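All remarks here apply to the structure that follows.
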Amino acid sequence: MNKVSQEGLLDWAGPILEGALTTLEIAVLAYAIGLLLGLVGASARLSPWAPLRGLATVYSTAVRAVPELLLIILLYYAGSQALTALTNALGLPGQVAINGFVTAVGVLAFVQGAYMTEVLRGAILAIPKGQLEAADAFGFSAWTRFHRIVIPAMLPNALPGMSNLWLILIKDTALISVIGFSELFFTIQQAAASTRAHFLFYAAAGVIYLAMTLSSTALFTRLERRVRRGQPIREEA
């Protein structure tokens with residue numbers, strides 16, 4: 001590494017750290033909202049009411065079929081135009097611009113919700129029916145049955161899929177760079193372009209993303225081990 005590259009890396013260390021923290025903020029918020037959407041979507045997919053099942057099916061199927069990048073561009077540009085047209089129609093002058101952070105969290109959470117719907121639906125279907133029938137026999141309310149029976153029973157089956165969705169989400173935050181929002185990847189692009197040390201900065205980005213994913217994998221592994229306490233250990237083939 002030459003002196004110019006070293007100075008460039010030091011100059012950009014602060015902005016890169018800020019970009020990494022912003023990436024984590026986007027990922028955590030989008031994942032939390034996506035988890036809530038997934039719980040609602042999975043409940044709707046398993047609902048006895050056909051219209052609700054149909055609506056949830058359309059949501060999970062359609063969103064998973066459309067690239068996240070297209071959704072980001074649509075919300076950021078078309079959404080801003082639509083809001084501007086609406087406010088102008090209401091007699092409010094000026095233009096409305098959707099914030100890049102809001103766009104990032106909104107789109108990624110919306111997409112996460114669709115994938116999370118299917119992960120949680122499969123995990124709920126894997127719960128032995130006898131456990132749910134026993135809860136009904138004891139007269140549990142819907143909420144009590146949900147948080148005392150359904151969640152603990154479905155977590156061991158859901159966590160591997162939830163872990164994969166989190167890792168994918170961390171990498172998908174890089175798509176936000178197309179709208180010029182200063183998350184990790186956009187900051188790395190700016191640093192590489194200004195210093196011409198492309199290999200250095202893109203390699204640094206790879207190391208940061210790797211550190212995020214490896215630490216996340218370790219966390220999910222510990223969490224899965226915890227929720228599987230008391231269950232028989234399955235030997236891998």
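Just so we're clear, the structure is a prediction, and the values are computed from it rather than from any experiment. Numbers for residues simply follow the sequence, beginning at 1. Keep in mind that the numbers below use all heavy atoms, side chains included, and drop hydrogens, waters and symmetry copies.
- Under the 3.5 Å distance criterion, the side-chain polar atoms of R121 are left unmatched by any main-chain donor or acceptor of A42.
- The minimum heavy-atom distance between A56 and G41, with the atom names listed, is CB-O, 3.8 Å.
- Under 3.5 Å, the side chains of S60 and E118 contain a donor-acceptor pair of N or O atoms.
- Across V107 and E68, no two heavy atoms sit closer than the pair CG1-O, 4.1 Å.
- For S216 (side chain) and M212 (main-chain N/O), a donor-acceptor pair under 3.5 Å exists by modelled atom type.
- Listed for the T61 side chain is no donor-acceptor partner under 3.5 Å among the backbone atoms of V58.
- A ring pair (Phe, Tyr, Trp, His ring centres under 6.0 Å) check over residues 117-137, counting only residues at least two apart or in different chains, returns nothing.
- The heavy-atom pair separating P152 from P156 by the smallest distance is O-CD, 3.2 Å.
- Less than 6.0 angstrom separates the ring centroid of F110 from the ring centroid of Y59.
- Side-chain contact check for W12 and S194: at least one donor-acceptor pair (N or O, by modelled atom type) lies under 3.5 Å.
- D172 has its side chain out of reach of V111: every pair of non-hydrogen atoms, C-beta onward, lies at least 4.5 Å apart.
- Contact between Q189 and S177 at its shortest, heavy atoms only, is OE1-CB, 3.7 Å.
- Not a single side chain to side chain contact (heavy atoms under 4.5 Å, CB included) links E18 to another residue, sequence neighbours left out.
- No side-chain donor from either of R45 and T117 sits under 3.5 Å from a side-chain acceptor of the other.
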Quick one: side chains of residues 23-35, donor-acceptor pairs under 3.5 Å with protein atoms, not counting sequence neighbours, listed by atom name and distance.
from: T23; atom 1: OG1; to: G19; atom 2: O; distance (Å): 3.0
from: T23; atom 1: OG1; to: L184; atom 2: N; distance (Å): 3.1
from: Y31; atom 1: OH; to: M162; atom 2: O; distance (Å): 3.0

Practice problem: Would you please test F185 and F201 for ring pair (Phe, Tyr, Trp, His ring centres under 6.0 Å) and show each step? | Solution: CA-CA 10 Å; F185 191 72; F201 283 100; over 10 Å; no

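- Here the side chains of Q112 and L37 are not in contact, with every heavy-atom distance at 4.5 Å or above.
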